[in-house]
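Take a look at the structure set out below.
All values reported here derive from a predicted model rather than from experimental measurement.
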2 protein chains.
Amino acid sequence: MGQVNELILSKAGSNVELIPEIAKHLISSGGKRLRPMLTLACAEMFGYKGDGHVTLAASVEFMHTATLLHDDVVDESDMRRGKLAARKLWGNQASVLVGDYLLGQAFKMMVDVGSLEALRILSSASAVIAEGEVLQLGAAKNITTTEQDYLRVIEAKTAALFAAAAEVGPVIADQNEGMKLAARTYGMELGYAFQLVDDALDYGGSSADLGKDVGDDFREGKITLPVVLAIARGSDADRVFWKRCLEGEDVADGDLEEAIGLLKKYDALSETVDRARTYGDNALKALEALPGGAHNDALADAVAFCISRVS
Amino acid sequence: MGQVNELILSKAGSNVELIPEIAKHLISSGGKRLRPMLTLACAEMFGYKGDGHVTLAASVEFMHTATLLHDDVVDESDMRRGKLAARKLWGNQASVLVGDYLLGQAFKMMVDVGSLEALRILSSASAVIAEGEVLQLGAAKNITTTEQDYLRVIEAKTAALFAAAAEVGPVIADQNEGMKLAARTYGMELGYAFQLVDDALDYGGSSADLGKDVGDDFREGKITLPVVLAIARGSDADRVFWKRCLEGEDVADGDLEEAIGLLKKYDALSETVDRARTYGDNALKALEALPGGAHNDALADAVAFCISRVS
């Protein structure tokens, strides 16, 4: 990971001052580097000896960072990982453009590695992520979003990059389709688990743990699984409440507390965490098809870490 | 070009409704398709027989379209090619995300073609374009921008994509370094000419010709070559005027007319067009190193077309 971090910092450089400034703000603000870790472990577990996995891991983190920059603009977020969001410090304009720059750098780095298959996997993920974000934009103001709709959103916007990050490991290590599929499945299931835990934390975690304010999703009118479950089980009066807050974005003092109360009343938070655990178990199952050893253990720890954030 | 247009429309498709809606709005709104034409001509002039050039041409147009979507958000533009800008119709959020989607699709299509060298050229262009836009963001509010600063901006934000679009032609047609350099130089010089003509048109063309309001650059506080030249030659009183309008973005009725008057007084528009002609001549010179025939003629016509927009 040390090499990945070095590469990330050097490739975030540019003669245009604002670029490294913003990139370093984000990169040094304590992201978990979960995605690049998947790429490293999924290559090294096959005894891969080159340095292409480090470059791919750094590209994956750049893709993720670019997404964060654009997301904050789209969601009009004020905070990111407990710090002011880049857009609050440098403006929306710079956030959009520096995101574009990081995406361009990510592709350049992938090209350096020279694996067309890894390029195909990561460029597809890039299009799918954007598709997921557009989908979420449509769902954001619609309380009739179903659980299935929502799972489609998070598969695209979160799980797809986890899946791609893991899959390029066996790809670059020249493994067979079975190994690629196992790594991809592991990443995909972990991605679902990760996102559902995030969704639950947004209503249940403490501000300090989350690194951003609790209730961001609520205030931004985002429909997440806890809300979908609570609405499905709630009364008509509840629906009026959710409609006002989420579709109308008309949130008054005390509404977040009422929302959390409803989520607890209908077990929506605990059930969201239960589903995250199920996805985590699926991820662990996929690991059984992959070589055992220290890297496999690290990937299992990543699953435990994701779930532990909420329990 | 028919094949390019078909591919563009099919690859702009998505199950997420908003994406084809926005993409088609932009794609069908009468762009000149200059960049993809360069790719096609620069491949076909070498007798290239595959269909990779069509795919690369479509990717180049997608990269360009993504840039337009993000630019309009960054510049807070209301109009684009005489129509309401996408961000006015669907919002900034959708414009950012659909731009990201098109960029992802562009990379996927390039990967389909399978030329790592073309991928390297186009992904580098993508990072350079974003760098140029960030650079322009910094220059936008600074009337001490020099001619050299400005040329650096347009090389990155405009000429680099023209250069890449042309260079991938001989690359995919397996030509030698000399041919690649000639095509790249042609594209780069044409790109400079194109941007300078655009800059002059923003102060001198009629609204109908330009497809967007005259004075957009002025109202957005953009420092372009005509302004750089006029400021260098102007009085202290002129500088106070430019500072108020461009740095302060404090533009009142009659200011645009006064700006145009100053640009004419100091021959700043005609000189900008003269420089565009010089770049155009350089582009024609680069063509001499490339094979003659109908495709070479079409590339020469593209230069004449660019210049003719303003004269």
Side-chain angles (χ1 to χ4, degrees), chain A residues 11 14-19 22 63 66-67 69-71 73-76 90-138 140 152 156, chain B residues 11 14-19 22 63 66-67 69-71 73-76 90-138 140 152 156:
Chain A
K11 294 281 180 180
S14 159
N15 294 325
V16 180
E17 280 172 42
L18 201 55
I19 292 177
I22 296 181
M63 283 175 66
T67 307
L69 277 166
H70 287 185
D71 271 7
V73 171
V74 168
D75 298 339
E76 301 174 353
W90 291 280
N92 281 337
Q93 304 172 312
S95 293
V96 169
L97 296 177
V98 173
D100 289 349
Y101 176 74
L102 292 178
L103 210 53
Q105 285 291 81
F107 281 106
K108 271 177 72 175
M109 288 155 75
M110 290 171 214
V111 174
D112 286 344
V113 175
S115 159
L116 277 168
E117 193 176 352
L119 270 161
R120 182 187 57 71
I121 291 165
L122 290 167
S123 60
S124 297
S126 162
V128 164
I129 293 165
E131 225 171 356
E133 303 275 353
V134 178
L135 202 58
Q136 183 165 47
L137 205 59
R152 206 177 138 216
Chain B
K11 294 283 181 179
S14 158
N15 293 327
V16 181
E17 282 172 41
L18 202 55
I19 292 177
I22 296 182
M63 282 175 66
T67 308
L69 278 166
H70 288 185
D71 270 7
V73 171
V74 167
D75 297 340
E76 300 174 354
W90 292 280
N92 281 337
Q93 302 173 313
S95 293
V96 169
L97 297 176
V98 174
D100 289 350
Y101 177 74
L102 292 178
L103 210 53
Q105 284 292 80
F107 281 105
K108 270 176 73 175
M109 288 155 76
M110 290 172 215
V111 173
D112 286 344
V113 175
S115 158
L116 277 168
E117 192 176 353
L119 271 160
R120 183 187 54 73
I121 292 165
L122 289 166
S123 61
S124 298
S126 164
V128 165
I129 292 166
E131 225 171 357
E133 304 274 354
V134 178
L135 202 57
Q136 183 166 48
L137 205 60
R152 207 178 138 216

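Of all the heavy atoms in A:Leu116 and B:Gly114, the pair that sits closest is CD1-O, 3.5 Å. Between B:Ser123 and A:Val111, the shortest heavy-atom distance links the atoms OG-CG2, 3.8 Å. The two residues B:Gly104 and A:Ser126 make their nearest non-hydrogen contact at CA-OG, 3.6 Å.
Here B:Glu131 is the residue among B:Gln105, B:Glu131, B:Arg120, B:Glu117 with the most heavy-atom pairs under 4.5 Å with chain A. Ranking B:Leu18, B:Leu102, B:Ile19, B:Asp112 against chain A, the residue ahead of the rest is B:Ile19, based on heavy-atom pairs under 4.5 Å.
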side-chain contact (heavy atoms from CB on, under 4.5 Å) assessment of B:Asn15 paired with A:Arg152: CA-CA 12 Å; B:Asn15 293 327; A:Arg152 206 177 138 216; 3.8 Å; yes
Derivation and outcome, side-chain contact (heavy atoms from CB on, under 4.5 Å), residues A:Val134 and B:Asp100: CA-CA 10 Å; A:Val134 178; B:Asp100 289 350; over 6 Å; no
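With a 4.5 Å cut-off on non-hydrogen atoms, B:Ile129 does not touch chain A at all. Using a 4.5 Å cut-off between heavy atoms, A:Leu122 makes no contact with chain B at all.
Rounded to the nearest 0.5 Å, atoms CZ (B:Phe107) and CE (A:Met110) are 8.0 Å apart. A distance of 11.0 Å separates CG in A:Leu97 from CG in B:Leu135, rounded to the nearest 0.5 Å. The distance from the CD atom of B:Gln93 to the CD atom of A:Glu76 is 5.5 Å, given to the nearest 0.5 Å.
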